[in-house]
Amino acid sequence: MFKVPPISAERLPTLLRAMPKAELHIHIEGSLEPELIFALAQRNELTLPYASVEALRSAYAFTNLQSFLDIYYAGASVLLHEQDFYDMARAYLGRAARDNVLHAEIFFDPQTHTARGVAMETVINGLYRACEDARRELGISATLILCFLRHLSEESAFETLEQAMPLLDKIVGVGLDSSELGHPPEKFARVFARCRELGLHLVAHAGEEGPPAYIWSALDVLKVERIDHGVQAVYDAALMQRLAQDRIALTVCPLSNQKLCVFPNLADHNLGKLLDAGLAATVNSDDPAYFGGYMNENFTQVFAATGLTAKHAYQLAFNSFEASFASNADKRVWEHKLKETFERCVEHDY
Ligand code: ADE
Ligand code: ZN
């Protein structure tokens, strides 16, 4: 195991920004900045119920997950054409690369678009082309994860999978998102079983607002490989042990948790507790355009608020590569770059 060199508190934010990392929990529709929402509305000749970018941004005051989702789905309604999906994803990948994200696994919500008459291939082809161009132009690696909306029916999820079948080579896995309370993972047991047979990777949101029981059923019924959020696991000691033992990664999103009032203050966030209990936690941005920060803001703000250390930083970045669905060869290259960044930090090389 790499021995993390001593790094002063003043140097820590610089290190957090410079260190290579993977983002494993980003909803691409949640990267739509108000400026892009307005530009796309104009290009597509749509009228928004907000007079200006500032008026839209001032509506971003959330009290819980549902209060956010209502605005998030309204924002996504400006996406109509393949180029719209391309522009959104390409903008995100450019921003992520500036935060030294080497690899991103990008969630998208096709039902939000197909329900408005947008074809599945329009969505996937636009996003996929942005991933390919970003790899060539920026050297960032990016893959796609199709998320089923859990407030909709099992039948709708199966229909969505059917629509995606001809495009399965363009996605690496499936996830489960949207309104958690009242929609337990087991509602989607059969769809996930089918996706597993198809060789797709499986993840699910669980324990964001919902109880530890939802994390258990995501693991034991859906058989997911990672838990998105999972911060409610701390209320169940047996679950904590299971997550640590099986090295199940949690894709934690500090600023999202703060903005959706999962914790009263960022200083109350339990990221340090999860790491110190031996869980494979990672840091991610969730919906950065709505929650006030991309990857590096999530890192610097949660570290400043909770007093995490350089050791935690190394563990978080290492976990992000390890928990990704990338090849072992890519993981080794990224982990080597991570060590180098820590060593160069001590030498004041940046
Ligand atoms: N969709 C977009 N962001 C989400 C979140 N934080 N939880 C559940 N569904 C989401
Ligand atoms: Zn999420």
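Remember, it's 1-based here, ligands and their atoms both numbered in the order they're listed. All values below were derived from every heavy atom in this structure, side-chain atoms included, with hydrogens, water molecules and symmetry-related copies excluded.
Checking His27 against Asp287 by side-chain atom types alone, no donor-acceptor pair falls below 3.5 Å. Ser156 and Gln111 share a side-chain donor-acceptor pair at under 3.5 Å. Between the side chains of Asp109 and Tyr72, at least one donor N or O sits under 3.5 Å from an acceptor N or O.
Within the structure, the closest approach of Ser178 to ligand 1 falls below 4.0 Å when heavy atoms are considered. Put simply, part of Leu69 is less than 4.0 Å from ligand 1, judged by heavy atoms. Every heavy atom of Glu180 sits 4.0 Å or more from the atoms of ligand 1. For the ligand labelled ligand 1, residue Phe107 lies outside the 4.0 Å heavy-atom shell.
Classification of Glu33 and Arg57 as a salt-bridged pair holds, one side-chain N sitting under 4.0 Å from a carboxylate O.
Remark: Tyr86 pairs with no residue by the ring pair (Phe, Tyr, Trp, His ring centres under 6.0 Å) rule, at least two apart or across chains.
Ring planes of His201 and Phe325: parallel class, angle under 30° (limits at 30 and 60°).
Looking at Asp286, its N, O or S atom nearest to the Zn ion (ligand 2) turns out to be OD1. With respect to the Zn ion (ligand 2), His25 has NE2 as its nearest N, O or S atom.
The protein heavy-atom contact nearest to atom 4 (C) of ligand 1 is His27 NE2, 3.6 Å. Here the protein heavy atom with the shortest distance to atom 3 (N) of ligand 1 is Asp287 OD2, 2.7 Å. Summary of contacts: the protein heavy atom closest to atom 6 (N) of ligand 1 is Asp286 OD2, 2.7 Å. Counting only heavy atoms of the protein, atom 7 (N) of ligand 1 lies nearest to Glu208 OE1, 2.7 Å.
Checking each of Phe303, Tyr350, Phe299 against Leu15 for a side-chain contact (heavy atoms from CB on, under 4.5 Å) leaves exactly one that passes, namely Tyr350.
Note: angle at the Zn ion (ligand 2), from NE2 of His27 to NE2 of His205, is 100° (rounded to 10 degrees).
When atom types are taken as modelled, the side chain of Glu180 and the backbone of Glu209 share a donor-acceptor pair closer than 3.5 angstrom.
Atoms of ligand 1 lying under 4.0 Å from at least one heavy atom of Phe68, given by number and element, are 2 (C), 3 (N). Near His229, meaning under 4.0 Å from one of its heavy atoms, ligand 1 places the atoms 6 (N).
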Glu23 vs Arg95, salt bridge (Lys or Arg N to Asp or Glu O under 4.0 Å): CA-CA, chis, key distance, verdict: CA-CA 12 Å; Glu23 170 140 67; Arg95 185 66 189 74; over 6 Å; no

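Polar contact check, Asp109 against ligand 1: no nitrogen or oxygen pair lies under 3.5 Å apart.
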